[in-house]
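Scroll down for the structure; my scribbles are underneath it.
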Amino acid sequence: MAVVGRYAPSPSGRQHLGNARTALLAWLHARAQGGRFVLRIEDLDPIRCRAIHERTVIEDLRWLGIDWDEGPDVGGGHGPYRQSERSSHYAEALARLDTFACTCTRRELRDAAAAPHGVEPVYPGTCLRHGAVAGRPAAIRWHAPPGRARAEDPRMGVLEQDVATEIGDFVLRRGDGAWAYQLAVVVDDAAMGVTDVVRGEDLWTSTPRQVWLQRALQLPSVRYLHVPLLLADGGDKLSKRHGAPDIAALREGGADPQRVVAALARSAGLVSPSIHAVAAAALVADFAPSRIVDGPLSLEPTA
Ligand code: GLU
Ligand code: ZN
């Protein structure tokens with residue numbers, strides 16, 4: 001079957017080098033298999049997402065030598081390619097699932113759960129048992145069926161989860177009407193014919209939920225490859241606070257994109273530490289997921 005890969009950025013800010021590395025790896029993975037590549041803009045959150053960031057992402061990716069066959073700027077047969085324009089697809093999927101309205105407040109959910117701070121508590125089933133409270137904005141939750149969801153990934157191994165008891169009935173649409181990432185990503189990957197999902201390791205723990213939704217919606221399963229997040233010195237997630245330049249700043253500052261690609265490729269173990277500059281397209285022939293390592297980033301060659 002023909003391979004279709006994708007990169008699915010959320011345009012909520014400027015892309016840092018970690019985002020660019022994930023995009024590069026996703027693109028290489030598709031192109032190395034002779035596959036097509038889709039750019040999908042995940043702008044579900046109307047408060048955080050901005051059109052200006054979408055334009056910047058597109059310019060950044062093109063500057064790095066990453067191209068796509070379908071996307072918001074080039075069109076394609078599976079559009080629209082912005083999640084903010086795909087509500088009807090999510091509504092159609094939602095209608096096929098066993099769902100219920102939930103009017104629990106954040107505070108009620110926190111108080112009901114004995115979960116440690118910072119961990120999303122398992123939904124206690126309040127509105128499923130007693131019904132939603134009239135007059136309050138209602139989220140829509142999925143009454144997840146029992147059974148074990150199994151996620152597989154060549155780098156991460158296997159993650160099995162009983163979604164109904166370990167996660168609980170999770171939100172598919174928020175009380176303010178915003179669609180949940182978990183539903184949108186599953187619906188869109190299927191609608192766009194995506195076969196290979198390459199994305200950051202931070203999303204690995206979401207994968208069983210997505211597998212479970214795919215199954216309930218009778219959508220084809222996809223292959224997953226979760227790639228290491230680029231970490232700052234000290235092991236935190238990379239962010240501007242660490243002084244890591246964003247891609248747009250490098251681009252606007254006149255940096256050589258082939259040097260940036262070389263830095264990303266060195267950090268992922270795809271080229272030797274002495275390589276100064278390389279075009280993204282020159283990495284396709286030798287790419288294999290098994291070569292990816294979780295290395296630190298340095299903009300200058302180290303050897
Ligand atoms: N939009 C998500 C993000 O930017 C990526 C979702 C995915 O690749 O599944 O983190
Ligand atoms: Zn509730």
Side-chain angles (χ1 to χ4, degrees), residues 4-16 18-27 29-30 37-45 48-49 53-54 56-57 60-61 72 81-84 86 99-113 121-134 136-143 151 153 168-175 178-190 192 194-211 213-214 222-227 229-230 237-239:
V4 180
R6 49 64 155 190
Y7 179 54
S10 297
S12 57
R14 311 232 294 186
Q15 302 274 296
H16 55 62
N19 304 127
R21 193 172 76 170
T22 300
L24 178 65
L25 293 172
W27 180 81
H29 186 66
F37 199 61
V38 176
L39 177 68
R40 181 174 70 237
I41 301 297
E42 302 213 320
D43 56 349
L44 288 173
D45 187 335
R48 296 181 56 227
C49 295
H53 298 313
E54 176 188 315
T56 305
V57 174
D60 290 350
L61 295 173
Y81 295 95
R82 284 183 199 99
Q83 289 190 325
S84 60
R86 299 183 59 80
T99 61
F100 61 95
C102 168
T103 47
C104 295
T105 62
R106 204 163 275 183
R107 192 201 180 96
E108 286 165 351
L109 293 174
R110 214 181 37 228
D111 292 351
V122 173
Y123 182 66
T126 320
C127 297
L128 186 64
R129 279 197 305 273
H130 307 297
V133 177
R136 281 198 197 171
I140 306 294
R141 288 180 183 271
W142 182 34
H143 186 40
D153 178 298
D169 296 340
F170 60 90
V171 172
L172 300 182
R173 190 174 198 183
R174 289 193 330 218
W179 296 98
Y181 156 70
Q182 306 291 353
L183 178 68
V185 74
V186 163
V187 168
D188 288 346
D189 282 336
M192 295 175 183
V194 170
T195 60
D196 290 55
V197 168
V198 179
R199 60 187 181 188
E201 274 176 5
D202 54 333
L203 292 166
W204 172 232
T205 54
S206 293
T207 310
R209 262 170 284 177
Q210 296 172 14
V211 166
L213 276 171
Q214 276 158 4
V222 299
R223 287 183 289 267
Y224 292 100
L225 176 66
H226 289 81
V227 297
L229 297 178
L230 198 51
K237 254 172 110 159
L238 195 70
S239 77

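Predicted model only: the values in this text are computed from it and were never measured. Order of listing sets the numbers, starting from 1, for every ligand and every atom in it.
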Just to confirm my output: which protein heavy-atom neighbour is closest to atom 10 (O) of ligand 1, and how far is it? Leu203 CD1, 4.2 Å
N, O or S of Tyr123 under 2.8 Å from the Zn ion (ligand 2): yes
Just to confirm my numbers, could you give the angle made at the Zn ion (ligand 2) by SG of Cys104 and SG of Cys127, rounded to 10°? 110°
for atom 3 (C) of ligand 1, nearest protein heavy atom and its distance come out as Ser10 OG, 3.8 Å
Hey, what's the ring geometry for Phe100 with Tyr123, parallel, tilted or perpendicular (30° and 60° as the breaks)? tilted
Single hit among Asp45, Asp43, Asp188 for side-chain hydrogen bond (donor to acceptor under 3.5 Å, both in side chains) with Gln83: Asp188
For ligand 1, which atoms sit closer than 4.0 Å to a heavy atom of Val185? 9 (O)
Would the distance check show the side chain of Arg141 and the main-chain N or O of Cys102 forming a donor-acceptor pair, the cut-off being under 3.5 Å? no
Atom CH2 of Trp179 and atom CZ of Arg86: how far apart are they, to the nearest 0.5 Å? 12.5 Å
Closer than 4.0 Å to some heavy atom of Tyr181 - which atoms of ligand 1 meet that? 6 (C), 7 (C), 9 (O)
Nearest protein heavy atom to atom 7 (C) of ligand 1, by residue and atom, and its distance? Arg6 NH1, 3.3 Å
Tell me, which protein residue and heavy-atom name are nearest atom 1 (N) of ligand 1, and how many Å apart are they? Glu42 OE1, 2.6 Å
I'd like to know if Asp60 and Arg14 make a salt bridge, using a cut-off of under 4.0 Å between side-chain N and carboxylate O. no
Quick one: do Glu42 and Arg199 make a salt bridge, cutoff under 4.0 Å? no
Glu201 versus His226, closest heavy-atom pair with distance: CA-CB, 4.0 Å
Which residue and atom name correspond to the protein heavy atom nearest atom 5 (C) of ligand 1, and how close is it? Ala8 O, 3.4 Å
